Amino acid sequence: MHFAFSSEQLMAAEVTTQLLQAHCTPALLRQLLARDAAREDSRWQALSEMGLMGVLIPTDAGGLGLNETDFVLLAEAGGYAALPEPLVEHAGVAAPLLAQVQPGHPLLTAMASGTSTLAIGHPINPFVADADTATALLLVHGDTLHLVRRDQTHITRQPSIDPFRRLYQVDWRASDCTRLDGAGPSDALLDQALNRGALFAAAQCLGLAQRSVHLAVAYARERQQFGKPIGSYQAIKHLLATAQVKIEFARPVVYAAAAELATHAPHAAMRVSHAKLAACEAAELATRTAIQVHGAMGYSWEADVHFFLKRSLALHAAWGSPAFHRGRIAHHIDGQPLGPDHTFYNGTGHV
Amino acid sequence: MHFAFSSEQLMAAEVTTQLLQAHCTPALLRQLLARDAAREDSRWQALSEMGLMGVLIPTDAGGLGLNETDFVLLAEAGGYAALPEPLVEHAGVAAPLLAQVQPGHPLLTAMASGTSTLAIGHPINPFVADADTATALLLVHGDTLHLVRRDQTHITRQPSIDPFRRLYQVDWRASDCTRLDGAGPSDALLDQALNRGALFAAAQCLGLAQRSVHLAVAYARERQQFGKPIGSYQAIKHLLATAQVKIEFARPVVYAAAAELATHAPHAAMRVSHAKLAACEAAELATRTAIQVHGAMGYSWEADVHFFLKRSLALHAAWGSPAFHRGRIAHHIDGQPLGPDHTFYNGTGHV
Amino acid sequence: MNLTYTPAQQAFRAEVRDWLACHVPAKRLASFDDSRDGFEAHRTWERTLHAGQWGMVTWPVQYGGRNVDLISWLIFEEEYYRANAPARVNQNGIFLLGPTLMEFGTAEQKARFLPAMAAGDEIWSQAWSEPQAGSDLAAVRSSAMREGDHYVLNGHKIWSTRAVYADWAFGLFRTELGSERHRGLSLILFPLTAPGVRISPIARLDGKPVFAEIFLNDVRVPVDQRLGAEGQGWAVCMATAGFERGLMLRSPARYQVAAERLVDLYRRHGDPNDDVTRIAVHRSWMDAQAYALSIYATASRLSAGGTIGAESSTNKIFWSELDIALHQTALAILGPRAELLPSAPTAHRDGDWLEDFIFALAGPIYAGANEIQRNIIAERMLGLPR
Amino acid sequence: MNLTYTPAQQAFRAEVRDWLACHVPAKRLASFDDSRDGFEAHRTWERTLHAGQWGMVTWPVQYGGRNVDLISWLIFEEEYYRANAPARVNQNGIFLLGPTLMEFGTAEQKARFLPAMAAGDEIWSQAWSEPQAGSDLAAVRSSAMREGDHYVLNGHKIWSTRAVYADWAFGLFRTELGSERHRGLSLILFPLTAPGVRISPIARLDGKPVFAEIFLNDVRVPVDQRLGAEGQGWAVCMATAGFERGLMLRSPARYQVAAERLVDLYRRHGDPNDDVTRIAVHRSWMDAQAYALSIYATASRLSAGGTIGAESSTNKIFWSELDIALHQTALAILGPRAELLPSAPTAHRDGDWLEDFIFALAGPIYAGANEIQRNIIAERMLGLPR
């Protein structure tokens, strides 16, 4: 029992955070919007060169062959930066799904290097994110999985309040040529993909929440009213402290979910749902608190905090609505032993 | 349309409040406990002499022949003082029920003068409050109402966390002699009694809530920490302001419920349920906030605030649990027109 | 206490309803914040209202009103929101400055400004905040120095709603050189077209330019455009703010109609297994009712000669929190489609829930941040030490 | 990261479980706050635990422990709460003073106090607060003036849990005449039986005397009963408080067992139409899980040589709010019977929900009010200005 990341994992997260601190500033986000560009290629390349695209791709296919525990902090860093590019959907969800179905699929190598992007159309989500910049799309038809080239689809943009969300309705035709035959029933594979999607959405929400608190703290230290920084008022302090408490008790749930998903613990799905709920709540509270602390400025386009609010809003019902995830929790509570010896998988039941 | 009390109603409430301020102080409550007495007879007499016992009893029977709007502020004043005597159950619920069934019943005159007390065993409550000091009890058997002398029952005390709640399990035998025959089906009468019970419980909760805030304000003005009164800290201010907001938006609901019950508005039951929910929430928040503001002192027997906490706790599920009242609200929302022209009974639908 | 409408009030409601049924534009007007066209379309609507004598029903007839009581105003608002009539582009005028003029204005000022306000001929913007004076409104630095029978305005106002297209603005200025905090301030009305006024739009967090900065550079206005006594601006402004928060800023009908639509949205699109959302729908409806009842009580008290005190601060907290909770619940019902902009081809067509949610987020901030309101409640209503 | 127990940890759990199954008294002990008998029955239980070497499993063997890591301590606690074993009457000693002694005590002090603590021979009380020093702990006035190789204690401590029957107490005293605030304080251990000590019980809001005042009048204690350097009491005390809040004050198992029982209570007595309560039950269970996970993470970090910082304040807020919400939910399930005391003939017999609710109400107050914890989080964790 050791509930902590390895120094390698922490180092990778730190390097990613630093890279994004330099290459994914709010000023750069605004430039991207001004250019109306789908993504910042240099940033994508920098992330790819770090190996991030291949974390969950087997080493045989040019990836790092690691697991969800290795990816979760990277997704969190992406949230902290409000990263526009589809790091999470491509490398965190689409890649491991394709690798599970066809571990030797030739696309995986190009995916690991970041030269090809794979989008995923999971039945839980009505739209496909970043379909426009994808080389190919993983799509579902009935109970079969399909790999479809971008030019085999017709896509329609569905603009979101989050200007960096690139959602598309995808029209396409399933055929024997597009069908992916591989190991296991698609139901189980899609459940696992859903869990990864929800887990990494939760991780992003943690990052969004923490960044929002940090932005608000920075503002509250500077902004003066009634002759002192607003951050010296107890009302502001307590708002931010309350948001931080929410974050602190969402974080271990997200990390445990990553570890349990990686080890196929039987209750991993329950934990993922708990993580998604807790992290979404933390992001909701923290982003709203940050806007409140910024006052009128927080309600303006000028302050950066709205980028985080909008992403939080978008992720709220992505990869399963709160009602869906609450349903999975209720199912666990109704059917599983609950005592303190059952917090982890090999609790007393397995002594 | 005039949503305000008459000057007579306000005057009666003011006089009652002043009487209780003198005759129902926390110090007197503590003396009552020390004596282990059921009630303070002199206080009961003083309230009776003001005519409070007969507010809802017809003038023919020696009462004032008034209605729920006239009684609601008196119930609130009782909550503000944490009054131990059964003013509300006797004069607010039992009396008008008996008067509805048998307007000429001889007991009514003695009830109006306060020389006899009537307790009520309503099916929604598992116990009968103040059965020990009652001359008689109004009880239900099947679909019949019964008036039973105290000595025809066997009662068992059920101690409550609120030391002034005198709850009893009542064992008795229904007979033709005890049966009260009168106008209307007992279902409708019992519904009305339930509504009065819930309404006046709500009114008491308003009083409990406001008193709790006042006690906390008084303490916070005196108690010094870090060199200034704790009431000058924003954290304390905002806790109490938040409780006060809850009170302010429960109060008009309680008052509207009283007026609508008095005029038999078709949605009166819904409003009573709303009032009960809102006032219980306000009392819960205000009593808890008051304890927190008092710090360790608030957690002690020394400070008076616990009397109000315990009464609030006791009234929470009395006269219908929150789930019961939420169910009535849901029923209304599902079946009735809801727009702003339907706030009151003769809204646009009746233009 | 009487919670039924009089026959006259019922007749009034019927008249409002009939008139609105005939006059409310079938097609929704373009936003008055996005374009001059949208703004002018709303001005035209104000003129239509005025032609029907509905501009501000509580005002005396001579100023364009109907001299009815506040209960009738609430009935008007109920019907107005029921009819989904256009938003009031002149709300800063009719709901905020208007009542202040009525209380503090001279006869000449009332005659000069109120009819034009009711007619939509002069659309008003507010100019309260300055870059360093947000929650700390008394930190105002803009000045109005007396030169003969004029004031010369200089300074920088910010977060002025409507100012991009409006005709006039009112704001606090220092009329006493070197005065500090609440002293030496005066409330001054000035045309946004005056020489020396420069308007610079500010975008809301969704990019829409709903605010503006107002830069004032030697703007000359006659002394009779000061409202209230010189140096008494703070008191006038507090009365305005109190009235705003206490009654007129947000009609309860607004939330009741929204709650009714929310119930309907849940019926049609809600997940029957989603307990949390169903509970939130019911709570929003109850809170909207509670708010309406509270406002009816306030209106009854005012009609009987009462005044609005610090409890107006409780209103502002309540409706702003209700507004957010209500719209957040709507987004929860819409699920993964909640994030879609109206321009999305597959966006739901069930009302502007996302836009209204964004709008609601401003509620706890403007008209005095809720933190300031809680201070006011604690200090003035409860008597806690400053 | 590895979220599975080692075979050794599993074996440890089995050993704890087996031992508790054989030794936990079948009949619940009387409260240690209500009577000397109840107190002594709990002391006897402490001795039983000590005989089994379970007094404080993380301590070195020489002090009565088993020298196991914090994960094993958590396992011990899990089994302890599962088994419904008696509350630890010496919790002020083993969870609060013990770790402080381990960090700041001399070898002699550890040898003198820890074994007697583990054995239950000396039961400890805390003496932090004074009438004017609650949240403002640095306002302590009680003094300990040096006279040769003794201190002479004078002053008035309050809200001392367990002090009515306990043997020893530890508290902050001014050892420097005229010192102010955090300076000049020392942490001193003193026997409650010493001449000049007078104990006066204080009743909790339900009338139970769970606290006491301690009056000290020229109480002489040897200098070697000072813990840490003279004048460094504040730093020692803050370390103690941080450790308390961060880890040991409230075992997650406590809430997990309560949440499990709550689920069971709802299954048996819950109203299936009561959505709000069902949601609250699920939330309590999730929050108890989250708290457990957080503590496992803290224990893992400490085991790897990390330290506890200001984030311990987040713990205290979380568990105290969880505790109230959980018990309030239980009372909602019990409905109109929730208010009944255990002495009521028809009271439910499903656990001490009411008593535990009352206990939970103290959570946001003691060990540093939650308002103080939020200040600490804001200032030390987030860096907001004082």
Side-chain angles (χ1 to χ4, degrees), chain B residues 33 124-127 156-163 165 167-169 223-228 230 233-236 238-239 277 284 287-288 291-307 309-324 326-327 330, chain D residues 128-129 131-139 158-159 181 201-211 270-278 324 328 331-347 354-355 357-359 361-366 369-372 374-375:
Chain B
L33 279 184
I124 194 115
N125 298 319
F127 308 112
T156 315
R157 178 85 186 262
Q158 307 288 334
S160 158
I161 181 79
D162 177 354
R165 285 273 278 185
L167 298 178
Y168 291 87
Q169 179 177 309
R223 168 74 170 171
Q224 307 254 336
Q225 291 280 270
F226 304 100
K228 29 182 210 171
I230 61 169
Y233 291 97
Q234 228 181 5
I236 300 292
H238 286 203
L239 285 178
L277 290 168
E284 191 174 296
T287 54
R288 288 248 299 277
I291 286 187
Q292 184 69 15
V293 168
H294 279 78
M297 186 56 78
Y299 193 65
S300 79
W301 178 256
E302 295 296 304
D304 299 321
V305 66
H306 64 83
F307 291 121
L309 173 87
K310 292 167 181 171
R311 185 68 49 87
S312 158
L313 208 152
L315 292 179
H316 190 76
W319 297 103
S321 68
F324 170 85
R326 279 193 298 266
Chain D
W128 291 134
S129 300
Q132 297 309 316
S135 287
D136 185 8
L137 189 54
I158 195 169
W159 311 121
R181 308 291 307 156
I202 310 176
R204 192 168 75 169
L205 49 75
D206 61 357
K208 295 193 181 169
V210 307
F211 307 113
D271 171 356
N273 293 318
D274 186 355
D275 298 341
V276 168
T277 300
R278 183 169 58 251
I324 290 179
Q328 196 167 14
L331 298 188
I333 295 170
L334 295 173
R337 285 174 201 269
E339 64 173 300
L340 297 187
L341 293 179
S343 60
T346 67
L354 180 62
E355 164 102 11
F357 172 73
I358 296 295
F359 183 82
L361 289 178
I365 296 169
Y366 70 108
N370 284 9
E371 287 68 36
I372 301 293
R374 288 196 165 87
N375 288 350

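Lettering follows sequence order; numbering is per chain, from 1. If you're wondering where the values come from, they're calculated on a predicted model, not measured in any experiment.
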Is it the backbone or the side chain of [X] that comes under 4.5 Å from a heavy atom of chain B, or both, or neither?
X	value
Leu331(D)	side chain
Ala133(D)	backbone
Leu341(D)	both
Arg181(D)	side chain
Asp271(D)	side chain
Ala362(D)	both
Ile324(D)	side chain
Leu137(D)	neither

Note: vs chain B, highest number of non-hydrogen pairs under 4.5 angstrom among Ala139(D), Ser129(D), Gly134(D) is Gly134(D)

For each of Gly335(D), Ser135(D), Ala369(D), tally heavy-atom pairs with chain B at distances under 4.5 Å, and name the one with the top tally. Ser135(D)

Would you say that [X] contacts [Y] through its side chain, given a criterion of any heavy-atom pair below 4.5 Å between the two side chains?
X	Y	answer
Thr156(B)	Gln158(B)	yes
Phe357(D)	Leu313(B)	yes
Trp159(D)	Ser300(B)	yes

Quick one: which of [options] has the most heavy-atom pairs under 4.5 Å with chain D, could you say?
options	value
Gln292(B), His306(B), Arg288(B)	Gln292(B)
His294(B), Lys310(B), His316(B)	Lys310(B)
Pro159(B), Ala235(B), Gly227(B)	Pro159(B)
Tyr233(B), Tyr299(B), Phe226(B)	Tyr299(B)
Gly327(B), Pro322(B), Gly298(B), Gly295(B)	Gly295(B)

[X] [atom1] to [Y] [atom2] distance, which is reported to the nearest 0.5 Å:
X	Y	atom1	atom2	result
Leu340(D)	Leu334(D)	CG	CG	9.0 Å
Phe359(D)	Tyr366(D)	CZ	OH	4.0 Å
Asp162(B)	Leu167(B)	CG	CG	8.5 Å
Asp274(D)	Arg278(D)	CG	CZ	8.0 Å

Which atoms of [X] are under 4.5 Å from chain D, going by heavy atoms: the side chain, the backbone, both sets, or neither?
X	answer
Glu284(B)	side chain
Ser321(B)	neither
Phe127(B)	side chain
Gln169(B)	side chain
Leu309(B)	side chain
Leu239(B)	side chain
Ala318(B)	neither
Arg157(B)	backbone

Which atoms form the tightest heavy-atom contact between Asn125(B) and Gly320(B), and what is the distance? OD1-N, 4.5 Å

After noting the C-alpha distance and the side-chain angles of Glu371(D) and Val293(B), does the key distance pass the side-chain contact (heavy atoms from CB on, under 4.5 Å) rule? CA-CA 10 Å; Glu371(D) 287 68 36; Val293(B) 168; over 6 Å; no

List the steps, then state whether side-chain contact (heavy atoms from CB on, under 4.5 Å) holds for Ile372(D) with Asp136(D). CA-CA 9 Å; Ile372(D) 301 293; Asp136(D) 185 8; over 6 Å; no

Check ion pair Glu302(B)-Arg204(D) (N to O, under 4.0 angstrom): no

Does the side chain to side chain donor-acceptor pair (under 3.5 Å) test come out yes or no for Gln132(D) and Gln225(B), once each step is laid out? CA-CA 7 Å; Gln132(D) 297 309 316; Gln225(B) 291 280 270; 5.1 Å; no

With side-chain contact (heavy atoms from CB on, under 4.5 Å) as the criterion, how do Asp206(D) and Leu354(D) come out once you've worked through the C-alpha distance, each side chain's angles and the decisive distance to 0.1 Å? CA-CA 11 Å; Asp206(D) 61 357; Leu354(D) 180 62; over 6 Å; no

Ser160(B) and Glu339(D) side chains, donor-acceptor separation under 3.5 Å: yes

